[in-house]
Amino acid sequence: MSEETSIATKAGGWPAQVKEYFEELEKRIQFAISPQTSRAAQMMSSLGFNWLLGGNISSAVVNLTQVPLIVMPYLGGKYNYGDANKAIAQAYKLYARSGFERSVTMLPKEDGKDVRVKERAMPAIDNFDFENVKDKDIKRLQTLAEEATNAGQLNRSMFYDVLDVDNSKKVGNIVNAVSGFAFHHGERMNRQVTLIAAYNLELDRLNKAGAKLEDGSLASKLSEKEREQYAARQAIYMAEMTNGGTSAASAPRIAQGSIGKVLFMFKRYGVSMYYMLYKMTNEALKNHDPAVRKQALKQLAGIYGSAAIFSGLQG
């Protein structure tokens with residue numbers, strides 16, 4: 001990384017923890033720019049996934065329990081369970097209404113006007129034509145769709161990232177895309193339902209009188225667009241927290257090398273969930289803010305309660 005963009009090198013007088021944070025951030029940026037994984041590791045990851053889970057629809061269906069098991073208790077503890085259930089139910093409906101096609105802007109004509117064409121697509125909130133839609137519930141998602149697209153949240157998944165699936169026509173890439181299809185789109189749905197529900201809940205909170213941001217300032221001082229952007233970024237954070245990251249750059253650094261890529265192939269999600277539970281437990285036991293402690297306790301109780309209901313007495 002160049003001296004101009006290196007932050008850690010300029011943090012001479014900063015606390016050690018801050019310098020460690022920026023050093024870690026720089027290493028992750030370098031990995032995102034130029035990932036160093038061998039072809040052998042990519043082949044072993046592909047073989048391992050296809051041998052164990054490739055085309056396994058039942059396991060993909062089990063992944064859909066992510067929303068009731070994790071997302072609903074997380075949002076319920078942060079806001080309240082009644083509102084969280086309603087927001088999630090509405091999120092499923094809005095996601096389903098996004099349809100199987102989207103408008104794409106092609107190169108402009110000689111007169112400078114853009115050419116819009118329709119293409120086939122799986123359901124996603126960026127399928128909506130926000131400029132022409134009249135439904136206020138859909139129109140409200142425009143800022144979320146913009147922010148989530150910029151953050152790579154809508155059309156990526158942990159499974160396709162592990163398998164290095166892209167748009168190439170290579171045989172191996174096509175095999176991985178087909179075998180991981182159900183997992184990929186199941187995760188996309190979980191993530192987008194989480195985004196929509198979290199965004200609507202946070203935006204409703206910000207629009208209430210006296211609502212405050214994380215820094216303690218009043219939300220009413222922000223413009224409507226700024227509140228939407230703030231809610232969208234909070235929703236992205238909550239989606240990452242409850243569903244794990246979509247990119248290898250967000251995985252533990254031990255999982256970013258060739259050996260780690262293979263060893264952590266099925267463990268990146270687990271690491272994310274363990275971190276979430278650790279964070280909640282730490283907040284419930286050590287945070288000095290009573291509201292934060294109460295929220296964390298409600299989230300933990302909801303997650304373990306949901307797990308108990310799904311697993312049954314024997315589980």
Side-chain angles (χ1 to χ4, degrees), residues 32 64 66-67 71-72 74-75 78-79 83-84 86-108 114-161 165-167 184-207 213 219 222-247 249-250:
L64 299 181
Q66 180 72 11
V67 174
V71 177
M72 189 276 289
Y74 186 92
L75 296 179
K78 184 173 178 65
Y79 302 97
D83 289 343
K86 291 177 183 177
I88 289 171
Q90 184 191 35
Y92 274 116
K93 293 177 182 177
L94 291 170
Y95 177 80
R97 289 176 61 187
S98 64
F100 291 88
E101 65 176 21
R102 73 180 67 178
S103 294
V104 180
T105 302
M106 306 298 286
L107 292 174
D114 290 337
V115 178
R116 303 279 289 179
V117 297
K118 296 281 189 179
E119 70 172 12
R120 294 175 61 186
M122 293 298 289
I125 59 174
D126 57 344
N127 288 356
F128 290 120
D129 183 2
F130 291 108
E131 298 303 322
N132 298 307
V133 72
K134 295 181 180 179
D135 189 308
K136 59 182 178 60
D137 290 332
I138 295 175
K139 183 70 174 177
R140 193 187 202 206
L141 302 179
Q142 182 171 1
T143 301
L144 172 64
E146 293 169 354
E147 294 287 336
T149 298
N150 293 336
Q153 290 289 311
L154 300 185
N155 294 305
R156 295 186 60 83
S157 72
M158 190 181 298
F159 289 100
Y160 272 16
D161 185 73
V165 173
D166 53 32
N167 294 322
H184 170 65
H185 290 289
E187 183 185 328
R188 284 181 62 255
M189 182 174 73
N190 287 343
R191 192 174 299 277
Q192 293 196 37
V193 165
T194 305
L195 285 167
I196 296 169
Y199 173 75
N200 281 331
L201 286 167
E202 180 65 10
L203 193 55
D204 287 342
R205 184 190 74 81
L206 294 176
N207 288 332
L213 309 180
L222 300 178
S223 66
E224 182 180 0
K225 182 67 174 181
E226 288 173 333
R227 288 197 296 273
E228 290 175 352
Q229 289 173 335
Y230 182 89
R233 289 162 191 162
Q234 289 294 102
I236 291 170
Y237 171 79
M238 287 184 266
E240 290 261 321
M241 181 64 69
T242 56
N243 292 276
T246 60
S247 169
S250 64

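No experiment lies behind these values; they were computed from the predicted model shown.
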For the residue pair L75 and D83, establish whether any side-chain heavy-atom pair is separated by less than 4.5 Å.
no
Quick check for you: to the nearest 0.5 Å, what is the distance between K139 atom NZ and D129 atom CG?
8.5 Å
Do the non-hydrogen side-chain atoms of L201 and K78 ever get within less than 4.5 Å of each other?
no
CG-CD distance between L141 and E228, expressed to the nearest 0.5 angstrom:
9.5 Å
With sequence neighbours left out, write down each residue that passes side chain to side chain contact (heavy atoms under 4.5 Å, CB included) with A124, or none if nothing qualifies.
R102, D126, N127, N155, R188, Q192
Hey, are K93 and D137 close enough for a salt bridge, meaning a charged N less than 4.0 Å from a carboxylate O?
no
Answer yes or no: is there a side-chain heavy-atom contact under 4.5 Å between I125 and L154?
yes
Does the side chain of E240 come under 3.5 Å of the side chain of Q153 through a donor N or O and an acceptor N or O?
yes
Verify side-chain contact (heavy atoms from CB on, under 4.5 Å) between T194 and R191, making sure each step is shown before the conclusion.
CA-CA 5 Å; T194 305; R191 192 174 299 277; 5.7 Å; no
What I want to find out is whether E202 reaches R205 closely enough, with some N-O distance under 4.0 Å, to be called a salt bridge.
yes
Of all heavy-atom pairs between L144 and A232, which one has the smallest distance, and what is that distance?
CA-CB, 3.9 Å
Please check if the number of heavy atoms outside E224 that lie under 6.0 Å from its CD is greater than 12.
no
Verify side-chain contact (heavy atoms from CB on, under 4.5 Å) between L222 and L213, making sure each step is shown before the conclusion.
CA-CA 10 Å; L222 300 178; L213 309 180; 3.7 Å; yes
Check this for me, if you would: do D204 and R140 make a salt bridge, where the nitrogen-to-carboxylate-oxygen distance has to be below 4.0 angstrom?
yes
When you check the side-chain N and O atoms of E131 and Q142, is any donor under 3.5 Å from an acceptor?
yes
Gap separating the CZ atom of F128 from the CG atom of L94, nearest 0.5 angstrom:
6.0 Å
Under 3.5 Å donor-acceptor, Q66 side chain and T242 backbone
yes
Flag yes if more than 12 heavy atoms outside K136 fall under 6.0 Å of its NZ atom; otherwise flag no.
no
Output the distance between atom CD1 (I196) and atom OH (Y95), rounded to the nearest 0.5 Å.
9.0 Å
Does Y92 have any side chain to side chain contact (heavy atoms under 4.5 Å, CB included) partners at least two apart in sequence or in another chain, and if so, which?
V67, I88, M189, V193
